[in-house]
Amino acid sequence: MRPQERRKKRSLRKKAFWSILAVSLILVVLGSASGLLLHVYSSLNAYNIASDDLIDYMMALEDGEYIDRLFAETKEIYENRPEDLRSLDSIATEEYEALFSHLVDEDYLEAKEILTKCLEETGQENLWLFFYEPSTSAYVYVIDAEADEYIYPPGFWLPQSDQDKIEAICDSDWKLEIIEADEWGFIGANYNRIYSANGEQIGYVEMDLDLTVFFGKVGDFLKLLLPVIILLAILLAWLTSRSLNKSIIRHITELAGAAKEYTARDKTKISTDTPSVFEELSLYTADEIEELWTNMTGMETDVKTSILRIRQMTAEKERIGAELSIATKIQADLLPKNFPLFPDRTDFDVFASMTPAKEVAGDFYDIFMIDEDHLCLVIADVSGKGIPAALFMMVSKSVLENRALMGGTPAEILTDVNAQLSKRNDQKMFVTVWLAIVTLSTGHVTEANAGHENPLICKNKEAYEPLVTRHGMVLGALAKAKYKDYEYDLSPGDKIFVYTDGLPEATNTAKQRFAMKRLEESANRHKEDGPEEFLKHVREDVDAFVGEAEQFDDLTMLCFNYRPKG
C-alpha cells in the first residue's frame, strides 16, 4: 500500500478549522503578549524614573559636607587598615569593626535616619552608599539604610568585579537592573553616582525596589489571560471556518465529489449523450470557484470529445494496421524467399534477406533465370520510407523483371526501366539499382549500377574488396539518363555480396555509423561461409554494433556463390 493510502483522511473543513485555530491562537497570543509586554515595560519604566527621582530627593536631604567627610574618612581608614585585617574573614571581627566604630556618631545616625525614613515611607527594599576600591576590587559600605538585623557597618566590604556594569548603568537612561534573588524575590536595583562639593565622584548610591508584588500581579494576570486567549481563538476559528465552509469549502467539496464520480465512470461507455457531472453543479459564485467549475466543465467536455475521437482513430488505426499487415505479407510474397530458389541447380548458390525499418519496406531484391544459362541478380533501394516507398518498390520490381526477361544487357534494361519510371512521377521518387546478369556456363558477369552501393567481390578465396565502377543516375530522376555495362569473370568459388545503404549507415546510440570499413571487415571474417550463413553472421555484427539504437533504414543483402561443375 502506498504511503498516501495509509494516511488517515481528514475533511477540508476540519483542516481549515484547525489551521485557523492555530493562526488565531498565534495572533491572539501575540496581541496579548505585545500588550502585556508594553504594560510591563511602561510600569518598569515608571519605577525606573521614580526610583531615580527618589534617590535624587534623598541625597538632597543629606548634609553634603558631612557625606563628603564620611566617605573620605571611611576610605582613609579602609586603605590604611593593618595588614592582618585585610582578609574577607576579618570584617566580622570586633577588632576590624573598632577601626570604624568612631564614625557611627550622631551625625552618622542622623544621615542614616533620613535614608531609612525615605525607604519606609516609599516602601522600598533597601538603600546604601558605598565606594569602589580598585586596589582590592571591593565595594566598601559607608551608610547602609536597611533594617538593623541586616545592616552593614561602615567599612564593611565585599569583593566585586562588576564596576564597569555599574558605570554603564549610571550612564544609561535605564538605570533599573532587575534581579531575581531566592531570599527577596524580584528586586530592581537602581544606581547613581555620588559627587563631592567640588564635583569629584566619591562613590555610589544603590536603591533596591521590591518588584515581587508587581511580577506576582503580572503572573496572576497571565493565569486569567490564558483561558480567555484559548476561548477567543476557538470562537474566532469557528466563525471563520463556518464562513469559509459556506463560501468556499462546500463548493470545493461538491467539485471533489463530481471529480470522484467522473473518475469512477467507465470511459469505454462514454457517448455523445453522456451527461456532464460538473455542469449540473451550477456554481455561479462570481469568483475563482466559478472559474474553476467552468474550467472543469470545459475539461470534461474536451476529454469526452477526445475519447470519442481517439476511439474513432483507434478503430481507423486498427483498420490501417490490418491493411498494413496484408500489405507487408503481399510485399514479402513478391520477394524470392523459398531458398534454395533453384534446387536443381548445383552450379551456384544464392541467398538474400530484407528486414524493413517499418511495416513495409522500400528496399527489394530479385533473383530469377532469364534462360537456362543466364541468372539475373537485382538489389534496389527506393527513396523514402513507408507505404509510398513500398508502392514505388512494387512498381519498380515488376517493371525491372518484365524488362529483363525481354533480353538485353543490364545497361539497356536500366535505360528502358528508367524511361518508364520517369513518366508520371509527380512525387519525384527514385530508386537506386544494381543489376547483374551472370552467364552460369562461363562465370561471365555483366552489371550496371544506377546510383547504388558498390558490390563486394571475393575472388580466388582472397579478401572481399569493393568493385568500384562509374554509377549511372538513379532510376526515375531523369528520363533520358544513360547507363553503362561493366564486365568481369568469376572463377569457381568466387562470391558477390551486394547490399543497400542501410548496412554501412546503421548507427549506434553514440551516433557512430557501421561504415564500409566495418562492413568489409565483417564480410572477410565470414568469407568461408555459405551465402545463407554469411548473411546471418554479417547481420549479427551489424546488430551487435547498433545495440539498443532504433533501426531507421531497411537492411537488405544478397550473396551469390559461383561453383560450376568440375
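Small disclaimer: the values here were computed from a predicted structure and weren't measured.
- Side-chain atoms of D144 never come within 3.5 Å of backbone atoms of L129 as a donor-acceptor pair (strictly under, hydrogens ignored).
- One N or O on the side chain of R518 and one on the backbone of R513 form a donor-acceptor pair closer than 3.5 Å.
- Looking at L61 and C118, their side chains come closer than 4.5 Å, going by heavy atoms from C-beta outward.
- The minimum heavy-atom distance between T509 and E548, with the atom names listed, is CG2-C, 4.2 Å.
- Aromatic pair Y204/Y132: ring centres not closer than 6.0 Å.
- Among residues two or more places apart in sequence or in another chain, the side-chain contact (heavy atoms from CB on, under 4.5 Å) test is passed with D105 by Y66, D107, Y108.
- Side-chain N or O atoms of T116 include one that pairs as donor or acceptor with a backbone N or O of K112 at under 3.5 Å.
- A 6.0 Å sphere centred on CD of E79 holds more than 12 heavy atoms belonging to other residues, nucleotides or ligands.
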### Message
If you apply the rule side chain to side chain contact (heavy atoms under 4.5 Å, CB included), what do you find for E95 with L85, and how did you get there?
### Response
CA-CA 8 Å; E95 185 179 2; L85 297 178; 3.9 Å; yes

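- S90 and S87 are linked by a side-chain donor-acceptor pair at a separation below 3.5 angstrom, with hydrogens and angles left out of the test.
- Atoms CG and CG, on N508 and D543 in that order, are 12.5 Å from each other to the nearest 0.5 Å.
- Using a 4.5 Å cut-off on side-chain heavy atoms (C-beta onward), F131 and I194 make no contact.
- D553 and Q551 get closest at one heavy-atom pair: O-NE2, 2.8 Å.
- The main-chain N or O of A98 is found under 3.5 Å from a side-chain atom of S101 such that the two form a donor-acceptor pair.
- Rounding to the nearest 0.5 Å places OG1 of T507 at 11.5 Å from CD of E550.
- The shortest side-chain heavy-atom distance between L115 and E62 falls under the 4.5 Å cut-off.
- K117 NZ: 12 or fewer foreign heavy atoms inside a 6.0 Å radius.
- With rounding to the nearest 0.5 Å, the separation of CD in E65 from OG in S196 is 11.5 Å.
- Of all non-hydrogen atoms in D554 and P356, the two that sit nearest each other are OD1-CA, 3.3 Å.
- Side chains of V142 and I67 form no contact here, defined as non-hydrogen atoms less than 4.5 Å apart.
- Under the 30°/60° scheme for interplanar angles, the aromatic rings of F100 and Y96 are found to be tilted.
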### Task
May I have the step-by-step check of side chain to side chain contact (heavy atoms under 4.5 Å, CB included) for K165 and I169, ending in yes or no?
CA-CA 6 Å; K165 181 188 73 174; I169 292 174; 4.2 Å; yes

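- Using modelled atom types, one finds no donor on one side chain facing an acceptor on the other under 3.5 Å when comparing T136 with R86.
- Under 3.5 Å, the side chains of D381 and T500 contain no donor-acceptor pair of N or O atoms.
- The aromatic rings of F130 and Y191 sit perpendicular to each other, their planes meeting at more than 60°, with 30° as the lower class boundary.
- Of the possible donor and acceptor atoms, one in the side chain of R81 sits under 3.5 Å from a partner among the backbone N and O of Y78.
- Across F514 and V542, no two heavy atoms sit closer than the pair CE2-CG2, 3.8 Å.
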### Message
Run the side chain to side chain donor-acceptor pair (under 3.5 Å) test on E133 and S135 for me, step by step, so that the C-alpha distance in whole Å, both residues' side-chain angles and the decisive distance to 0.1 Å come before the verdict.
### Response
CA-CA 6 Å; E133 176 54 46; S135 62; 2.6 Å; yes

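- Closest heavy-atom contact between A389 and S383: CB-O, 3.7 Å.
- With hydrogens and angles ignored, the 3.5 Å screen pairs no side-chain donor or acceptor of T74 with any backbone N or O of F71.
- Atom CZ of F392 is separated from atom CE of M429 by 6.0 Å, given to the nearest 0.5 angstrom.
- Take H102 and apply the side-chain contact (heavy atoms from CB on, under 4.5 Å) test, not counting sequence neighbours, and it matches I77.
- With a 4.5 Å cut-off on side-chain heavy atoms, V104 and P153 do not count as touching.
- Between the CD1 atom in I91 and the CG atom in L99 there is a gap of 12.5 Å [rounded to 0.5 Å].
- Rounded to the nearest 0.5 Å, atoms CD (E73) and CG (L103) are 5.5 Å apart.
- Across all non-hydrogen atoms, the minimal contact from D363 to V382 is OD1-N, 4.4 Å.
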### Task
Would you sort out whether T556 and L503 count as a side chain to side chain contact (heavy atoms under 4.5 Å, CB included), showing the intermediate values?
CA-CA 8 Å; T556 306; L503 268 75; over 6 Å; no

#### Entry: Test log, rule salt bridge (charged side-chain N to carboxylate O under 4.0 Å, His left out), inputs R193 and D171
CA-CA 9 Å; R193 296 186 182 97; D171 291 333; 2.6 Å; yes

